[in-house]
Amino acid sequence: MADPVAAAPKDKVSTGTHVDPGTGTMLAYGAGNFPTGMLLLVVSSWLMRLYCPSEDEVGRVTLIDPWVFGLVSSVVMFFAAFTDVLVGYYSDRLKGPGGRRQPFMRWGLPFLALSFMLLWFPPIQDRSPLNIAWMVVMLGTLHVSFTVVVNPYLALMPEVWRSDPGRVKVSAWMAGWNAFAQIFAFVGFGLAIDSFMEGGDILGFHVPDGFKIAAVAGALFTVAGFLPTILKVRETPRSTDKEVPFGLLEAGWQTLKNPAFLPYIISGSMLYAAQFMVTAALPFLVVTKVVDDPKGGDLIAGYILLGMVLLTMVMFPFAEKVSTRFRKTHLYIFSLLSFAVLVPLSTLAGSIPGVPAMLHLVVVIALLSPGLAIGLVIPRAILAEVMDHDTKRTGYRREAMYNGMEGLIQKIAGGLAPLLQGFLFSAFGFSREQPWGIVLCGTAAGILSLAGFLAFLKYPLDRPTAPR
């Protein structure tokens, strides 16, 4: 059978002059990274706090056992991961006046916002199989609709911005919006949880707890974040390099044959799982090891994470500047190494005699901020480079398929994180008397980051960033 890559119309790839959109379009597009960065971060940071409160907290009821929560989260992510490949495949092949990306975003957005909101409204305020079923349905719908909206959204970037400097700039705007997403995820949720821990009345409606207030706000911000992209960002005209002929299996196989993709995706997936684990463990760390009164621990955890976000935002101009002087690959390696070294130290806060827990945690977070800023700005530009290399290989623009394969592999890796966290919590404890499950989450996250660093050493497209 003829090799479809060898038969690809490389001589017909669009070569017309392309002008990158201006700052207004960058801002509109970047706003979509607010819900992109916020939704799953909120789930990883706070959902376990709702369903599995710490054993030390008076008045809180465990709705699902920690090991069951971890198992459900992992199974849902594993199954939802395959949606990424399907959405990527069909988005690349979609034909019609609405384009290849925008129809998915328009149809998926209502389901995304609604499932996120309802996830925080479990039906039974006690241990019950109904809570498990509710979590399965809502979390599954959230992950699938997240893929339907976000995969095509991310696929727009390398298509609309073609220059390397333009991609770094729009990645910086995306990172900025992502920083605001983290502020809401950490501080907004933490403040709502702390302020309405025992419920309250808002505009005449009784609210059982602060989780639900923040969830409604998050759903509204999700719609508001994606609307600018839907209304303003236009896809490039239809061309022969968008006539992708590959079947589903061949399309996935061709991404894996790209020698630059595997080092990128393995490293990114390990870092994703590491961030998932440490973010989910940090509120438990603060409640059990950093503060004396666990009642205000969630809010203090939010403020600590806010400090990390603000420090990281300050570093964004630095990250963009150094990308003009150093290779993107070297900067990304620095980011991976900083996580591997520093993240295990973060969960040791409160466990080292003579070192105040708060000071320990603040110092580690400050040291992490440069690597975190680089890790937020650089990877999207690297993936765009990987996609360009695929176009040279095959003759076709297949951005959504790459985002689909990225989502598949990242979600499989990310699905292991709550499973491992649930096991560590159940086996080693997550209370003041038995905190070692929390401590070991940092160790596991460091090992994952180190594995990502070793994988990325094989990345072959090692060339300097184009001068601005």
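Note that the coordinates shown come from a computational prediction; the quantities given were computed from them, not determined experimentally.
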Shortest non-hydrogen contact from [X] to [Y]?
{"X": "Gly108", "Y": "Ser145", "result": "O-CB, 4.0 Å"}
{"X": "Ala349", "Y": "Ala357", "result": "CB-O, 3.7 Å"}
{"X": "Pro35", "Y": "Ala31", "result": "CD-O, 3.3 Å"}
{"X": "Pro344", "Y": "Phe339", "result": "CD-O, 3.8 Å"}
{"X": "Ala366", "Y": "Pro370", "result": "O-CD, 3.6 Å"}
{"X": "Ile64", "Y": "Phe69", "result": "CG2-N, 3.6 Å"}

Flag, side chain of [X] to backbone of [Y], donor-acceptor distance under 3.5 Å:
{"X": "Ser115", "Y": "Leu112", "result": "yes"}
{"X": "Trp46", "Y": "Ala185", "result": "yes"}
{"X": "Ser426", "Y": "Phe423", "result": "no"}
{"X": "Trp134", "Y": "Trp120", "result": "no"}
{"X": "Arg398", "Y": "Met387", "result": "no"}
{"X": "Asn131", "Y": "Ile124", "result": "yes"}
{"X": "Arg100", "Y": "Asp92", "result": "yes"}
{"X": "Asp84", "Y": "Thr147", "result": "no"}
{"X": "Gln102", "Y": "Thr229", "result": "yes"}

Atom pair [atom1] ([X]) and [atom2] ([Y]), whose distance is rounded to the nearest 0.5 Å:
{"X": "Leu367", "Y": "Leu372", "atom1": "CG", "atom2": "CG", "value": "12.5 Å"}
{"X": "Leu47", "Y": "Met138", "atom1": "CG", "atom2": "CE", "value": "12.5 Å"}
{"X": "Leu109", "Y": "Ile230", "atom1": "CG", "atom2": "CD1", "value": "5.0 Å"}
{"X": "Leu368", "Y": "Met315", "atom1": "CG", "atom2": "CE", "value": "11.0 Å"}
{"X": "Ser73", "Y": "Phe78", "atom1": "OG", "atom2": "CZ", "value": "10.5 Å"}
{"X": "Leu118", "Y": "Lys212", "atom1": "CG", "atom2": "NZ", "value": "11.0 Å"}

Assess whether side chain to side chain contact (heavy atoms under 4.5 Å, CB included) is satisfied between Leu154 and Glu399, documenting all intermediate values.
CA-CA 8 Å; Leu154 294 175; Glu399 295 90 352; over 6 Å; no
Do [X] and [Y] have side-chain heavy atoms sitting under 4.5 Å apart?
{"X": "Leu419", "Y": "Trp67", "answer": "no"}
{"X": "Val439", "Y": "Ser351", "answer": "yes"}
{"X": "Arg49", "Y": "Phe284", "answer": "yes"}
{"X": "Val364", "Y": "Ser346", "answer": "yes"}
{"X": "Met405", "Y": "Ile265", "answer": "no"}
{"X": "Leu86", "Y": "Phe82", "answer": "no"}
{"X": "Met157", "Y": "Val170", "answer": "yes"}
{"X": "Leu285", "Y": "Leu361", "answer": "yes"}

For Met38 and Phe116, what are the C-alpha separation, side-chain angles and deciding distance, and is it a side chain to side chain contact (heavy atoms under 4.5 Å, CB included)?
CA-CA 11 Å; Met38 177 267 294; Phe116 173 78; 4.3 Å; yes
Determine whether the side chains of Asp390 and Tyr396 contain a donor N or O and an acceptor N or O closer than 3.5 Å.
no
Between Tyr264 and Glu406, is there a side-chain donor-acceptor contact under 3.5 Å, judged purely by atom types and distance?
yes
Might you work through the side chain to side chain contact (heavy atoms under 4.5 Å, CB included) test for Trp161 and Thr25, ending with a clear yes or no?
CA-CA 10 Å; Trp161 286 271; Thr25 304; 4.0 Å; yes
Applying side chain to side chain contact (heavy atoms under 4.5 Å, CB included), run through Lys169 and Met26 and close with a yes or a no.
CA-CA 8 Å; Lys169 282 186 177 181; Met26 285 187 179; 3.9 Å; yes
Looking at Phe180, I'd like to know if its CZ atom is crowded, meaning that more than 12 non-hydrogen atoms belonging to other residues, nucleotides or ligands lie closer than 6.0 Å.
no
Picking from Trp173, Phe226, Trp177, Tyr153, what satisfies ring pair (Phe, Tyr, Trp, His ring centres under 6.0 Å) with Tyr29?
Tyr153
Among Phe456, Trp253, Tyr402, which residue meets the ring pair (Phe, Tyr, Trp, His ring centres under 6.0 Å) test with Phe261?
Tyr402
